Amino acid sequence: MAEGPLPAPIKTTCPYCGTGCGVDARPMNGVVTVAGDAQHPTNAGRLCVKGSALGDTVVPQGRLLHPQLRDRSAPGQPARRVSWDEALDTVAGQLRRLIDTHGPESVAWYVSGQLLTEDYYVANKLVKGFVGTANIDTNSRLCMSSAVAGHKRAFGEDIVPVAYDDLERADLIVLVGSNTAWCHPILFQRMIKAREQRPDMKIVVLDPRATATTEMADLHLGLRAGSDVRLFNGLFAQLHRQGLADRDFVDAHVGGFDDTLAAADDGATLEQLADDCGLEPEKLAQFYALFAATERVITCFSMGVNQSSAGTDKVNSILNCHLLTGRIGKPGMGPFSLTGQPNAMGGREVGGLANMLAAHMDLENAEHRDRVQRFWNSPAIASQGGLKAVDLFEAIEAGRVKAVWIMATNPVVSLPDADRVKRALDKCELVIVSDVMQQTDTTAFAHVLLPAQGWGEKDGTVTNSERCISRQRAFVAPLGEARPDWWMLTEVARRWGYAEQFPYHAVHEIFDEHARLSAFENDGERYFDIGGLAGLNARGYDAIAPQRWPVRRDAGDEPAHLQVFADGRFYHADGRARLVPTPPRRPAHGTDVDFPLVLNTGRVRDHWHTMTRTGLSARLSSHIAEPYVDLHPRDARRANIENGALARVSTRWGNLVVRARISDEHTAGTLFVPIHWNAQFSSDARVGALVNPVVDPVSGEPEFKHTPARVQAFIPAWHGFILSRKPVSIAHLAWWTRVTGASFTRYELAGEGSSVAWPELARLMLGATDADVDWLEYVDAATGSYRAGYVVDDRLEAVIFVSRQPSLPSRAWLAGLFAAERLDDEDRFGLLAGQPAVAGADEGATICSCFGVGLNRIVGAIESGKASSVQALGEVLKCGTNCGSCVPELKKILARARIATPQR
Ligand SMILES: Nc1nc2c(c(=O)[nH]1)N[C@H]1C(S)=C(S)[C@@H](COP(=O)(O)OP(=O)(O)OC[C@H]3O[C@@H](n4cnc5c(=O)[nH]c(N)nc54)[C@H](O)[C@@H]3O)O[C@H]1N2
Ligand SMILES: Nc1nc2c(c(=O)[nH]1)N[C@H]1C(S)=C(S)[C@@H](COP(=O)(O)OP(=O)(O)OC[C@H]3O[C@@H](n4cnc5c(=O)[nH]c(N)nc54)[C@H](O)[C@@H]3O)O[C@H]1N2
Ligand code: SF4
Ligand SMILES: [Mo]
């Protein structure tokens, strides 16, 4: 029978990073396949590795399916399934009781840049306009709040003045504190492609760490952590000295010059500046010269800038250099804040932060408050800023805030001093959590669990880094009783008697209201204006094509894509921008004898945040399987830690145990631990528990990138791993990590007790209790080595490998055996050796997740002379030819192989 044509895809938007790629989703027979949307202006058909694997995450595993109530005073009691009515009556009733007894400030919401604009709008309206408190903050506090504060100080409004196609027009792209190659992969690929087409274009990266992004850079400045302000102040002073200030532009449009120059220029020499920033003077001079000589420069910045106790000053020190030179408001130039979450920008539009109102209006502004209150027809409106994320959880711990509704974020993992978050939630009278997953570190504390619709089920809009609004469209039926977040909020509002102000039955009605508010009494005073999208019916809304705001109603012949600030008009009351003095200061806590190293934290290529979704995908779990700490050989030697062994990292706030990755590519004196692992995936790897909760005084953003720390060896009695088709109970062990495999689960283990009776224990753990299973076993008491496995109907069921040493055979080859329906004799022969009987069949660690190409195969192809370039590797092995996310790593493997193999 001939195959029919593929069904037409549903066009939607990727739910991961702020790049905001368009996705074609095709659900078929319970499986979702995805491809890049060729018509989307952001990605023109491409997807990175996380986007390509989205289908793996639209699955029922682990989903929260029904509303539940849990009586936390009766420990051990499971949550009780209830109807939506009972759950919502409980939420509305309990919150009302607390508000009536203790006032509106006694309750709070903690929401997320992963909500859709419509969810976010309703949450913000309900809390600020109807509860009458601004105690609603969002995880964007941990992410974008320094950028928001910096923009407001400089421009008078939170406006990002660069669009993606400007990157293609720039001659210099400076990436500050951004691992773009891994965190905004498709945007990064656009930059690399632009450089291929115009080889004069340069990419400079400022990051204390060597990353996949620095691998591709023309120049990497490995500056000392926290020294960005000093570096950009130095640039400001030098640009001024060289006469590169655009006097006309500054005179006409920018205030604050004298004070800013005074703060920036303390007369330091280039050598002094370089020394303060931990750089070679030549390198710093090279960067300054490049910046000075290039008119079309875009400075992109991300978490290495925002997540700092001087985050807002870091942002302004960058904006200052652009304002001084007038390199803003023209094609191919400007400062560019890269947003992290898919709807970080949408959250800013609706005023999701505790110190904002809605539609780019301010809480502190009485006229704005009055305007919004009239528009909402609301009984009250918050008149002062609410608690910012870190303060909010402190207030919960102190008992001042008695109820919190957490929505689409996992604060027990992602906030700094995360053990305090646990203590706070433990004490809190009422914890409501809406999430898509049943079991997270945060849902464990919920009294009320509300099942939210996930990606593919929910419907709405998101706005990406360049202010492009795109639709996320539903393409599968919601699982269980999952409902949209806006619906839950609306139902609570109605129970409080606000049915008239919350009349929503469908998502387009909310978007319409949001669009109308943006235009309401605007008259050009606020740049954020999408009045042109108001009045759409369901069909019109569904058809919204990706477009950048502003979208004004009476735009006349305004070009579709405006160049922001082209007319030199800014949004302070006097229409001018501001240079902001940024005297440099060091990170809040310096190192000392007890904590001599700097702990830096961030992301890996294939995981998203707390892994609730990417952790479901075998493909995405194979690139970096375990939590780790990167450290320099010098620091490892001092602590007696070997590569691949376990290490304990401690700070004043907490500690964890993870795998040590030692390399002289890492910066001496610093540690890097990824943010993703948590109690669902590892016994002891939640790095948030170690992070200093100090925040930037202006933005309230925590200093996630800089906590004084120390590292020690962690030496268990034995190391081991299990691969098993059935789940294995490992929670009692000293240390463990769980990794999703294709048809099995992998467990990395370490334990105490030198005289473990392995033969009995292993059969029990692996569930091979039937006497007649085909059980294979190898014991070497002398070396403490134990290996076993079993086969049912010729199919491998499970293996366990244990040793006193951390070095154990490769998991990759064994993992491959689980794919086969039958274990052949050769494989059976190699099984307990952990090695293929035929040489060369072991993939090694996955590099290309799209095609499952491992390190060993890549090195093999290079060493055998079959490939000597990224392109040739792609031709021979396909690696790097789909999403391209692994190209920086391929480049690095090639470079290493070139060093290792003498030239012939
Ligand atoms: N794969 C993947 N992609 C993601 C995410 C994810 O979870 N996984 N999350 C998304 C989200 S929400 C966000 S916010 C973005 C974050 O995207 P990025 O900001 O690019 O990612 P991070 O890894 O947090 O940190 C960036 C870099 O800042 C550097 N840094 C540390 N201290 C300093 C400093 O003092 N100065 C400078 N100049 N640099 C410093 C770190 O070494 C690190 O390499 O990624 C988004 N994209
Ligand atoms: N140490 C350290 N910590 C950090 C950072 C760092 O660099 N270092 N970065 C910070 C940054 S920038 C960010 S953005 C945060 C991210 O941190 P979090 O926001 O805590 O991380 P996520 O895993 O994205 O959490 C999203 C939660 O929402 C659920 N969810 C998904 N979709 C929906 C939905 O539609 N509705 C609802 N109700 N729930 C949904 C998911 O299952 C998950 O539990 O981490 C911050 N924490
Ligand atoms: S770059 Fe990757 S994660 Fe980010 S939006 Fe595009 S496909 Fe999604
Ligand atoms: Mo973020």
Side-chain angles (χ1 to χ4, degrees), residues 13-23 34 36 40 42-43 46-54 62-64 110-116 119 138-145 180 182-189 302-304 306-307 338-342 344 389 406-416 418 433-443 450-455 457-458 460 462 464-465 472 482-485 488 599-603 607-615 673-676 678 680 686-691 701-705 707 883 885:
T13 311
C14 176
Y16 296 127
C17 82
T19 301
C21 296
V23 175
V34 298
H40 199 287
T42 295
N43 55 319
R46 305 210 68 171
L47 290 177
C48 80
V49 59
K50 291 187 301 304
S52 306
L54 268 169
R63 281 291 298 274
L64 173 60
Y110 184 56
V111 303
S112 164
Q114 290 168 75
L115 288 176
L116 302 179
D119 299 319
T138 136
N139 64 357
S140 287
R141 180 70 59 198
L142 318 178
C143 182
M144 304 313 307
S145 60
T180 334
W182 280 10
C183 295
H184 297 89
I186 294 299
L187 203 55
F188 189 69
Q189 287 181 20
S302 186
M303 295 308 122
N306 295 342
Q307 291 176 335
L338 301 179
T339 54
Q341 296 179 94
I406 298 166
M407 203 173 257
T409 176
N410 195 353
V412 171
V413 184
S414 55
L415 273 175
V433 180
S434 24
D435 204 289
V436 297
M437 300 306 276
Q438 170 81 40
Q439 237 184 70
T440 73
D441 291 29
T442 301
T443 60
L450 303 175
Q453 290 179 358
W455 186 77
E457 299 169 347
K458 59 183 185 177
V462 290
N464 73 5
S465 292
Q472 263 196 28
R483 290 287 166 84
D485 292 284
M488 302 174 205
L599 172 65
N600 177 9
T601 61
R603 289 150 175 83
H607 277 305
W608 177 260
H609 296 170
T610 70
M611 296 168 67
T612 58
R613 288 170 291 162
T614 51
V673 176
I675 62 173
H676 309 287
N678 55 71
Q680 312 309 315
R686 195 167 42 97
V687 76
L690 280 71
V691 174
E701 180 152 349
E703 184 139 79
F704 281 118
K705 301 285 189 252
T707 303
C883 78
S885 295

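We count ligands from 1, going down the list as the structure has it; atoms in each ligand are counted the same way. Treat the numbers as computed from the prediction; the structure is a model and nothing was measured.
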Note to self: Is it the case that the side chain of Arg63 and the backbone of Val436 share a donor-acceptor pair, with hydrogens and angles ignored and the cut-off at 3.5 Å?
What the structure shows: yes
Note to self: Do His607 and Thr614 pair up side chain to side chain, a donor and an acceptor below 3.5 Å, judged on atom types alone?
What the structure shows: yes
Margin query: Testing the basics here: between Trp455 and Val34, what is the closest heavy-atom pair and its distance to 0.1 Å?
Written below: CH2-CG1, 4.3 Å
Item checked: Nearest neighbour in protein (non-hydrogen) for atom 19 (O) of ligand 2 -> Asn139 ND2, 2.7 Å
Margin query: Among all the protein's non-hydrogen atoms, which is closest to atom 35 (O) of ligand 2, and how far away is it?
Written below: Lys458 NZ, 2.4 Å
Checklist line | Protein residue, atom and distance nearest to atom 16 (C) of ligand 2, heavy-atom basis | finding: His609 ND1, 3.3 Å
Checklist line | Atoms of ligand 2 close to Gln453 [distance to a heavy atom under 4.0 angstrom, numbered from 1] | finding: 34 (C), 35 (O)
Checklist line | Contact check, Trp608 vs ligand 2, heavy-atom distance below 4.0 Å | finding: yes
Next item on the list: Among all protein heavy atoms, pick out the one at the shortest distance from atom 30 (N) of ligand 2; state its residue, atom name and that distance to 0.1 Å.
Entry: Val436 CG2, 3.9 Å
Notebook entry, point to check: With no hydrogens and no angle check, is any side-chain donor or acceptor of Asn678 less than 3.5 Å from a backbone partner on His676?
Noted result: yes
Item checked: Minimum-distance protein heavy atom relative to atom 8 (N) of ligand 2 -> Thr601 OG1, 2.8 Å
Next item on the list: Could you see which bit of Thr409 sits under 4.0 Å from ligand 2, with heavy atoms only: side chain, backbone, both or neither?
Entry: both
Note to self: So which atom in Glu701 and which in Leu142 form the shortest heavy-atom distance, rounded to 0.1 Å?
What the structure shows: OE2-O, 3.2 Å
Next item on the list: Check each of Thr612, Ile406, Thr614, Val691 against atom 41 (C) of ligand 2 and report the one with the nearest heavy atom.
Entry: Thr612
Checklist line | Rounded distance [0.5 Å steps], CD1 in Ile406 versus CG in Asp435 | finding: 9.5 Å
Check: For ligand 2, is any non-hydrogen atom under 4.0 Å from Gln341's backbone (N, CA, C, O), its side chain (CB onward), both, or neither?
Finding: side chain
Note to self: At under 4.0 Å between heavy atoms, is it the side chain or the backbone of Thr610 that contacts ligand 2, or both, or neither?
What the structure shows: both
Checklist line | Identity and distance of the protein heavy atom lying nearest atom 10 (C) of ligand 2 | finding: Gln307 NE2, 3.5 Å
Next item on the list: Please identify each residue that fulfils side chain to side chain contact (heavy atoms under 4.5 Å, CB included) with Thr13, with sequence neighbours left out.
Entry: Val462, Ser470, Gln472
Notebook entry, point to check: Can you name the one residue among Asp441, Asn410, Thr612 that meets side-chain hydrogen bond (donor to acceptor under 3.5 Å, both in side chains) with Gln680?
Noted result: Asp441
Next item on the list: Can you list, by chain and residue number, the protein N, O or S atoms under 2.8 Å from atom 8 (Fe) of ligand 3?
Entry: Cys14 SG
Next item on the list: Check Cys143 against ligand 2 and report side chain, backbone, both or neither, counting heavy atoms closer than 4.0 Å.
Entry: both
Checklist line | Part of Thr442 with heavy atoms under 4.0 Å of ligand 2, whether side chain, backbone, both or neither | finding: neither
Check: Looking only at non-hydrogen atoms, which of Ala408, Cys17, Ser414 approaches atom 27 (C) of ligand 2 most closely?
Finding: Ala408
Next item on the list: Would you mind running through ligand 2 and noting each atom that sits below 4.0 Å from a heavy atom of Lys705?
Entry: 7 (O)
Next item on the list: Please say whether Asp485 places an N or O atom under 3.5 Å from an N or O atom belonging to ligand 2.
Entry: yes
Item checked: atom 24 (O) of ligand 2: the protein heavy-atom neighbour that sits closest, reported with distance to 0.1 Å -> Gln114 NE2, 2.7 Å
Item checked: Numbered atoms of ligand 2 (with element) below 4.0 Å of Met437, judged on heavy atoms -> 42 (O)
Check: Where is the nearest protein heavy atom to atom 44 (O) of ligand 2: which residue, which atom, and how far?
Finding: Asp435 OD2, 2.6 Å
Next item on the list: Indicate the atoms forming the closest heavy-atom contact of Ser52 with Cys883, along with that distance.
Entry: OG-CB, 4.0 Å
Notebook entry, point to check: With sequence neighbours excluded, what pairs up with Ser465 under the side chain to side chain contact (heavy atoms under 4.5 Å, CB included) test?
Noted result: Tyr164, Phe336, Thr339
Checklist line | Least distance between heavy atoms, Val691 atom then Thr707 atom | finding: CA-OG1, 3.7 Å
Checklist line | Distance in Å, Leu450 CG paired with Leu64 CG, rounded so as to fall on 0.5 Å steps | finding: 8.0 Å
Notebook entry, point to check: For atom 13 (C) of ligand 2, which candidate among Arg603, Gln472, Arg613 provides the closest heavy atom?
Noted result: Arg603
Notebook entry, point to check: Which pair of non-hydrogen atoms, one from Trp608 and one from Lys50, has the smallest distance, and what is that distance?
Noted result: CE3-CE, 4.4 Å
Check: Can you list the atoms of ligand 2 that are under 4.0 Å from a heavy atom of Ala452?
Finding: 36 (N), 37 (C), 38 (N)
Item checked: Residues which pass salt bridge (charged side-chain N to carboxylate O under 4.0 Å, His left out) with Arg46, listed by chain and number, not counting sequence neighbours -> none
Note to self: Could you tell me, atom by atom, which parts of ligand 2 come under 4.0 Å of a heavy atom of Ser434?
What the structure shows: 37 (C), 38 (N), 39 (N)
Notebook entry, point to check: Among Asn464, Thr19, Thr180, which residue meets the side chain to side chain contact (heavy atoms under 4.5 Å, CB included) test with Leu338?
Noted result: Thr180
Item checked: Nearest heavy-atom neighbours spanning Ala482 and Gln453 -> O-NE2, 3.3 Å
Check: So, does Val413 sit close enough to ligand 2 that a heavy atom of it is under 4.0 Å from the ligand?
Finding: no
Next item on the list: Answer side chain, backbone, both or neither: which part of Ile675 comes under 4.0 Å from ligand 2, heavy atoms only.
Entry: side chain
Next item on the list: Could you tell me the separation between the CZ atom of Phe188 and the SG atom of Cys183, rounded to the nearest 0.5 Å?
Entry: 11.0 Å
Check: CG/Leu47 to CD/Gln189 distance, rounded to the nearest 0.5 angstrom?
Finding: 10.0 Å
